[in-house]
Amino acid sequence: SQPGWYLPRTPEIRQIVPQNTIVSDLILTVEPRRQFAAQELRAGRIPLWNPYNFAGSPTADLYSPFDLIYYAFPTPFLLAWLQLLKSLVAALGAYVFFRRVLSANFWPAAIGGVCYPHTGFFILWQGYTLSASIAFLPWILLATDRTVRNPRGWGGPALALLVGTVFSAEVGTTGQMLVTAGIYALWCVFDEHGWPTPVRSATRSLAVAAAAKDS
């Protein structure tokens, strides 16, 4: 409804005053793509290509668990609840990571878990797909820790599943999260096996972690 945009400047449109142009991408880009994917899925088609975005573009980053819930119930009223669910996933992941990996007591872990989804990144990218993927970062670090310390345990399959989840949510941040998990995996190797690290033990642990991330 802004001047020079899509809608004709009728008397009704002129009365509309934009409240926050900073988040205009949520209205002009994110929501139309989300609605298009919901319509295609409900029609029995997999929306791998969006012909309405520029000259057409792939839709590889619209399949996070949060988006799938929206596709089942495509209403804007659900967006606030999805943001709450996203925050709960992030907070619970941070809490479990602090408790299981860092061995923090209950209250420090709980406070850290509550603070994580309130950091600047989540506030800045609220409603965008970037925050949907970064919500799983504590879970990825937890799975990386378990994979390196116990290559034959559940960490490897869990890490592969989590990487696929964040890749389907947002392609742009997945690479940065994998770099972070890779650096953390190196630290876990040194912490688990000491220095100098036995080559065989380090190779086995890092090979399983790399295979899980590449899968």
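A quick note: this is a predicted structure, and the numbers were derived from the prediction, not measured. Residues: numbered from 1 along the sequence shown.
- Hydrophobic clustering (ILVMFWY, side-chain heavy atoms < 4.5 Å, transitive): Leu102 and Val114 are in distinct clusters.
- In this structure a side-chain-to-backbone donor-acceptor pair under 3.5 Å is present from Ser64 to Asp67.
- Judged purely by atom type and a 3.5 angstrom limit, Ser133 has no side-chain atom pairing as donor or acceptor with the backbone of Val166.
- Rounding to the nearest 0.5 angstrom, the gap separating the CD1 atom in Ile13 from the CG atom in Leu7 is 4.5 Å.
- Within 6.0 Å of atom CZ in Arg9, more than 12 heavy atoms from other residues, nucleotides or ligands are found, so the atom counts as buried in its surroundings.
- Rounded to the nearest 0.5 Å, atoms SG (Cys188) and CG (Asp145) are 4.0 Å apart.
- Linking Ile, Leu, Val, Met, Phe, Trp and Tyr whenever their side-chain heavy atoms come within less than 4.5 Å puts Leu84 and Tyr128 in one cluster.
- To the nearest 0.5 Å, the span separating NZ on Lys86 from OG on Ser131 amounts to 3.0 Å.
- Pairs of residues two or more places apart, or lying in two chains, never qualify as salt bridge (Lys or Arg N to Asp or Glu O under 4.0 Å) while including a residue from residues 112-129.
- Looking at every heavy atom in both residues, Thr144 comes nearest to Ala181 through CG2-O, 3.6 Å.
- Under a hydrophobic clustering in which Ile, Leu, Val, Met, Phe, Trp and Tyr are joined whenever their side-chain heavy atoms come within less than 4.5 Å, directly or via other members, Trp125 and Leu88 fall into the same cluster.
- The hydrophobic cluster containing Ile123 does not contain Leu85, counting ILVMFWY residues as joined when their side-chain heavy atoms lie under 4.5 angstrom apart, directly or transitively.
- If you take CG on Leu178 and CD1 on Ile183, they are separated by 11.5 Å, rounding to the nearest 0.5 Å.
- Atom CD1 of Ile16 has more than 12 neighbouring heavy atoms from other residues, nucleotides or ligands inside a 6.0 Å radius.
- Listed here is the closest heavy atom pair of Tyr70 and Leu78: CA-CD2, 3.7 Å.
- Between Tyr184 and Trp187, the ring-plane angle classifies as parallel under the 30° and 60° cut-offs.
- Listed for the Arg45 side chain is no donor-acceptor partner under 3.5 Å among the backbone atoms of Glu40.
- Looking only at distances, no side-chain donor or acceptor of Arg146 sits under 3.5 Å from a matching main-chain atom of Trp154.
- Closest approach of Leu41 and Ile46 over heavy atoms only: CD2-CA, 4.3 Å.
- Across Ala90 and Pro117, no two heavy atoms sit closer than the pair CB-CB, 4.2 Å.
- Contact annotation: the side chain of Gln126 never approaches that of Val23 to less than 4.5 Å [non-hydrogen atoms, C-beta and beyond].
- With Thr29 contributing its side chain and Leu26 its backbone, the two residues share no donor-acceptor pair below 3.5 Å.
- Ring pair Phe36/Tyr52 is perpendicular by interplanar angle, where above 60° counts as perpendicular and below 30° as parallel.
- Taking the ring centroids of Tyr116 and Phe122, they lie under the 6.0 Å cut-off.
- With rounding to the nearest 0.5 Å, the separation of CG in Leu124 from CG in Leu130 is 9.0 Å.
- Scanning all heavy atoms of the two residues, the minimum distance from Pro11 to Gln15 falls at O-CG, 3.3 Å.
- A distance of 11.0 Å separates CD1 of Ile111 from CZ of Phe98, quoted to the nearest 0.5 Å.
- In this structure, Arg34 and Tyr71 have side chains that are in contact, with non-hydrogen atoms separated by less than 4.5 Å.
- In this structure, Phe73 places its CZ atom where only 12 or fewer heavy-atom neighbours from other residues, nucleotides or ligands lie under 6.0 Å away.
- The shortest heavy-atom contact between Arg42 and Pro74 is NH1-CD, 3.6 Å.
- At least one donor-acceptor pair under 3.5 Å links the side chain of Trp139 to the backbone N or O of Val89.
- For the residue pair Gln35/Glu31, the side-chain donor-acceptor check at 3.5 Å is satisfied.
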